[in-house]
Number of protein chains: 2
Amino acid sequence: MDTARSNKPDVFQAIADPTRRRLLRLLDEQEMPVTAISGHFTISRTAVSKHLHILADAGLVRERKVGRERRYKLDPEPLLELKRWLAYYERYWENKLSMLKHYVELEEE
Amino acid sequence: MDTARSNKPDVFQAIADPTRRRLLRLLDEQEMPVTAISGHFTISRTAVSKHLHILADAGLVRERKVGRERRYKLDPEPLLELKRWLAYYERYWENKLSMLKHYVELEEE
DNA sequence: CAGTTGTGAAACCATTTGGTTTCATTTCAT
DNA sequence: ATGAAATGAAACCAAATGGTTTCACAACTG
């Protein structure tokens with residue numbers, strides 16, 4: 001990790017880490033400051049902070065300064081890219097028959 | 001990478017790499033042997049082979065021996081986990097109003 | 001003003017990751 | 001049987017990743 005590099009904010013990369021997925025869930029429910037957030041994890045506050053920056057770089061989280069706190073909140077918008085990516089494969093399960101057909105072909109041949 | 005460890009076949013992890021996403025697309029269109037596949041990439045055949053094993057571990061790809069070749073083909077089933085994960089956030093864009101409301105709230109406060 | 005709280009930046013570190021090159025093995029072609 | 005083709009395993013490597021500890025600083029609380 002090291003530093004929060006604002007280089008390649010990749011959604012796929014961002015959600016690859018389980019801790020970050022948990023963070024997204026948490027911040028969907030409510031906006032929270034870093035210390036409160038890190039109370040939900042066993043890793044250090046600093047580590048959580050880094051994950052938050054990665055999520056922010058990917059646009060998955062919004063940051064807002066309130067006094068000395070820095071509150072984070074989910075921004076689901078970038079997940080649309082994932083949704084679009086997934087949509088390509090949608091035809092496989094858009095109906096049970098196509099799925100079945102797929103498996104039959106896999107088994108045969 | 002090093003070796004194809006059949007430890008934690010994580011879908012999120014598997015699709016995090018852009019090369020692997022390209023592989024999935026390619027193998028959706030047709031079943032192919034390793035050498036043919038690696039013709040589509042600039043990295044070495046061995047590297048492609050490793051990516052294929054990672055995808056296979058995640059269940060995203062099926063392997064079939066045919067003579068001296070080893071043919072790979074997409075198995076989209078594990079993508080359903082991703083779809084389910086994504087479904088949680090679905091309410092945000094299930095209608096334009098909820099999305100709009102979300103952004104307004106983000107801007108306000 | 002003095003002290004405490006909330007947070008990020010830096011410097012480190014071990015492990016994982018994506019790649020390469022080399023070698024061994026299996027299967028096909030002659 | 002002999003050689004070429006298709007592929008995985010091994011050993012190795014540089015860079016990225018996820019963590020930690022320490023330090024500095026801004027902003028509240030007395």
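Here is the naming used below: chain letters follow the sequence lines, and residue numbers restart at 1 for every chain.
- Nearest to the side chain of A:H53, among C:dA9, D:dA9, D:dT20, sits C:dA9.
- Phosphate contact (OP1/OP2 of C:dT17, side-chain N/O of B:Q13, threshold under 4.0 Å): present.
- In this entry the distance linking CZ of B:R71 with P of C:dT26 reads 20 Å, nearest Å.
- Spacing between atom NZ of B:K65 and atom P of C:dT25 amounts to 14 Å, rounded to whole angstrom units.
- Of the candidates D:dT21, C:dT7, D:dT7, the closest approach to any side-chain atom of A:P33 belongs to C:dT7.
- Per the geometry, OH belonging to A:Y72 stands 15 Å off P belonging to C:dG6, to the nearest Å.
- Put simply, A:S49 has a side-chain N or O that comes within less than 4.0 Å of OP1 or OP2 on C:dG8.
- Of the charged side-chain nitrogens involved, at least one lies within less than 4.0 Å of a carboxylate oxygen, so that B:E90 and A:K83 count as a salt-bridged pair.
- Two residues are said to be in side-chain contact when any heavy atoms from C-beta on lie closer than 4.5 Å; B:R91 and A:D28 meet this criterion.
- Separating the CZ atom of B:R22 from the C1' atom of C:dG18 is a distance of 15 Å, rounded to the nearest angstrom.
- For the OP1/OP2 pair of D:dT20 and a distance below 4.0 Å, the side-chain nitrogens and oxygens of A:S44 include at least one atom meeting the criterion.
- In this structure, the side chain to side chain contact (heavy atoms under 4.5 Å, CB included) partners of A:E81, at least two apart in sequence or on a different chain, are A:V11, A:F12, A:R84.
- Distance A:L52 CG to C:dT7 C1': 11 Å, rounded to the nearest Å.
- Side-chain atoms of A:R45 and base atoms of C:dG8 include a donor and an acceptor less than 3.5 Å apart.
- To the nearest angstrom, C1' of D:dT17 lies 20 Å from CZ of A:F12.
- For D:dG8, the OP1/OP2 oxygens have a side-chain nitrogen or oxygen of B:R70 closer than 4.0 Å.
- The separation between A:R68 atom CZ and C:dG8 atom C1' is 16 Å, rounded to whole Å.
- Atom C1' of nucleotide D:dA15 and atom CD1 of B:I43 are separated by 16 Å, given to the nearest angstrom.
- Side-chain atoms of B:K50 and base atoms of C:dT20 include a donor and an acceptor less than 3.5 Å apart.
- Place A:T19 and B:A36 on DNA chain D by their nearest nucleotides, and B:A36 ends up nearer the 5' end.
- Atom CD1 of residue B:I15 and atom CG of residue B:L24 lie 8.5 Å apart, to the nearest 0.5 angstrom.
- OP1 or OP2 of D:dT7 lies within a sub-4.0 Å distance of a side-chain N or O belonging to B:T35.
- Each of A:V66 and A:T42 was assigned the nucleotide of DNA chain D with the nearest heavy atom; the assignment lying further toward the 5' end belongs to A:T42.
- With B:R22 contributing its side chain and B:H40 its backbone, the two residues share a donor-acceptor pair below 3.5 Å.
- A:F41 comes within 4.0 angstrom of no nucleic acid atom, judged by non-hydrogen atoms across all strands.
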